[in-house]
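Hydrogens, waters and symmetry mates are skipped; everything else that's a heavy atom, side chains included, is used. This is a predicted model, so every value here is computed, not measured. The chains referred to below are lettered A, B, ... by the order of the sequence lines, with proteins before strands, and numbering in each begins at 1.
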Amino acid sequence: MSSAFDRLARPVQKWIRQKGWRELRDIQARSIRTICETNADLIVAASTAGGKTEAAFLPLISQVLDEPCDGTGFDLLYIGPLKALITDQAIRLEGICQEAELPVVPWHGDVSQSIKTRALKSPKGILLITPESLEALFIRRGLEIARLFGATRAVVIDELHTVLDSERGVQLRSLLTRLELATKRPIRRIGLSATLGDMDLAKAYLRPDAASSVQLIEADGGEAELRLQLRGYLSGDEDGNSPSATDAIAAHLFKHLRGSDNLVFAGARQRVEIYADRLRELCEREHLPQEFYPHHASLSRDHRDFVERRLKDPAKPTTAICTSTLELGIDIGDVTCVAQIGAPFSVAALRQRLGRSGRREGQPAILRQYAVEAKLSPESSFVDRLRLGLIRSIAMIDLLLEGWCEPPKPQALHLSTLVHQILSVIAQRGGASASVVYNVLCREGPFRRVTTEVFADVLRAIGHPETGLIEQAGSGLLLLGPTGEKLVEHYSFYAVFQTPEEFRLVAEGRDLGTLPIDNVLAPGMLLIFSGRRWVVQEIHDREKVIIVKPAKAGVPPVFGGDAGDIYDKVIDRMFSVLERGISPPYMEAVSLEMLDEARAHYEQLGFRTKNIYSFGERTSIIATRVGTVKTSTLALALRSKGFLVEQHDGFLLVEAGDETPDLQTALTHIRSGEPVDLFAGAGNFVSEKFHPYLSKPLLELDAASSKLVPQILPTLVERIIQA
DNA sequence: GACCTGCTGCGGAATG
């Protein structure tokens, strides 16, 4: 303790004493030494509430106080993915900085203009900002970047794992590079993260040119005891004698969760609404106070704040039925139990969710996994017979227990984000040559997989008169075109990710939340939303507002969504689960019976020894044994040859069309490596915000870099045929 | 077959 503590500046030491801390945590002591003794970049990995913020900022603030540097601007930069997180962290840092007389400046969309104006006039202290607000600074104050960040000695990136290989993460990396180019010097990078699988990839994300010199400070395991149960439920019981799976699960949750704080991850917003509605009804029927509330991103900020406050309040037992909104970020305190209805989409998410429980000393973490499977009939499809949802749940729990989780996928080109950054660089500089833009973004920045040829194609696509995003002056300088100008001028430009169009739902003058516009609604229709029932009164198309009032019945709305990407290793484990004879000790009787049925059907279809099962002349099941990306590559190859293909976890259901060759012939062709037009079978590859401005060949290239693996086809098919 | 995240500058009116 002493050596680390002694390195801190006086005011920081005083703050620690006032706090009454008896010692620094291990990660804090190690991080203080690393930051004080070296110039190294750093990742501090520990669970939420593990003291990461202090580990980074105690030594950084000490340096600012003890080693004044010349240059103007903010001394330290903090980047957070959520507004709520920035607000929380600013309050935490203010405590330390008050003593040190260092300003703390929170900066995001909800922060008042006056705070921002004052900070711009005299930039110093710690700036806490979102990637989007930083983007806005580059665009609106491009020429002032050097003045604002000339003195910045480190940038702290919070929740590093949430931005690793996402569009937002690539944007952030691009902005960090541009920051160093503008200030003409490297700025130390410090990533704060939950303990996740592959830390080498996190290092490469943080400092691509010197990943191996990034220091890693990881909290020792010390994991809480884990209690685990997997329960199986049958849906589609039409006889009316037994309750539906939904009712049975709701009753089980009601019985076991009432009276404490819990999180129930229901998988989709629609299911959140269904379970919240059932549980509310159960409370009413028993004349008990309400304690089950829905929480997802379409609900109003007001309602979400209310649920979050209740979770923090020890006097009010509260169970939130939620989506991934309550998986990351803000502190909601410790919960007794985490329930998961249906299989999750990634082990990483499951792990993050489970980390919400068992945080208090001596308390176990509790996971209740509910698997819903269809009641079988002679007509049931192989998907139901193989009980793929249950099998995936088991595979994911297995991998969770082994400490594995999905690594990021760093091979994507990110052409949509590239378009965004090209416009941003041009706006920042008021014009730039193609070679400067290429250097900044593709040689120095994160778009290193983009060749000069592809870059030139992107410039041509967005400079095409019909697109009009950019144009070239006589001098060769790239400038914003009329469309580009309009796009960049509007505040909606700053975020790189796409958001769907929505209606606002209003009851008695209060916002309930938002609904995707693809819901077909008319006055008189009944709705379940925000855990209550409503009838639609008026629809205002132009203002995108729907007025509702309370009702006695309703159905939940539809919320869209993309298909999930399941990782190779998860699918591989699913096949092991089907082939092994082991019964996991955490499974209860019904789920074990389902597992036996699944294994028997697997055996019956012969997948233990081969990968293709055909019934009749025209229909076959192919076991690909690989994840979503590779399986959908094969699906597209077969579709381009005229087959009708349905995709499932590690399997394809293939039906011959009128003019298709037989499946063996088609597979032999694909195996030979002869070119297959993966994009012939239609398919829509416009999925990201700036995709609409790209040409078809560029869209295909982008898709091939992130959603498909064309080069895998010969070996994949070889393995399928061989077995 | 799913989920989540974010947003500036200006003009005009009211207030001290």
Can you give one letter per nucleotide of nucleotides 4-16 of chain B, 5' to 3': B if a protein heavy atom sits under 4.0 Å from the base, S if only from the sugar-phosphate, - if neither?
SBBBBB-------
Would you classify A/Gly267 as touching base, sugar-phosphate or nothing, given that sugar-phosphate means primed atoms plus P, OP1 and OP2, and contacts are heavy atoms under 4.0 Å?
sugar-phosphate
From the options A/Phe138, A/Phe493, A/Tyr693, select the one residue that forms a ring-ring contact (aromatic ring centres under 6.0 Å, His included) with A/His420.
A/Phe493
By side chain to side chain donor-acceptor pair (under 3.5 Å) - contacts of A/Tyr275 (at least two apart):
none
According to the interplanar angle, ranging from 0 to 90°, do the rings of A/Phe149 and A/Phe74 count as parallel (below 30°), tilted (30 to 60°) or perpendicular (above 60°)?
tilted
Less than 4.0 Å between a side-chain N and a carboxylate O, is that true for A/Arg168 and A/Glu132?
yes
Under the ring pair (Phe, Tyr, Trp, His ring centres under 6.0 Å) rule, collect the residues that match up with A/Phe382, sequence neighbours excluded.
A/His648, A/Phe651
Taken to the nearest whole Å, CD/A/Glu273 to P/B/dC3 is 12 Å
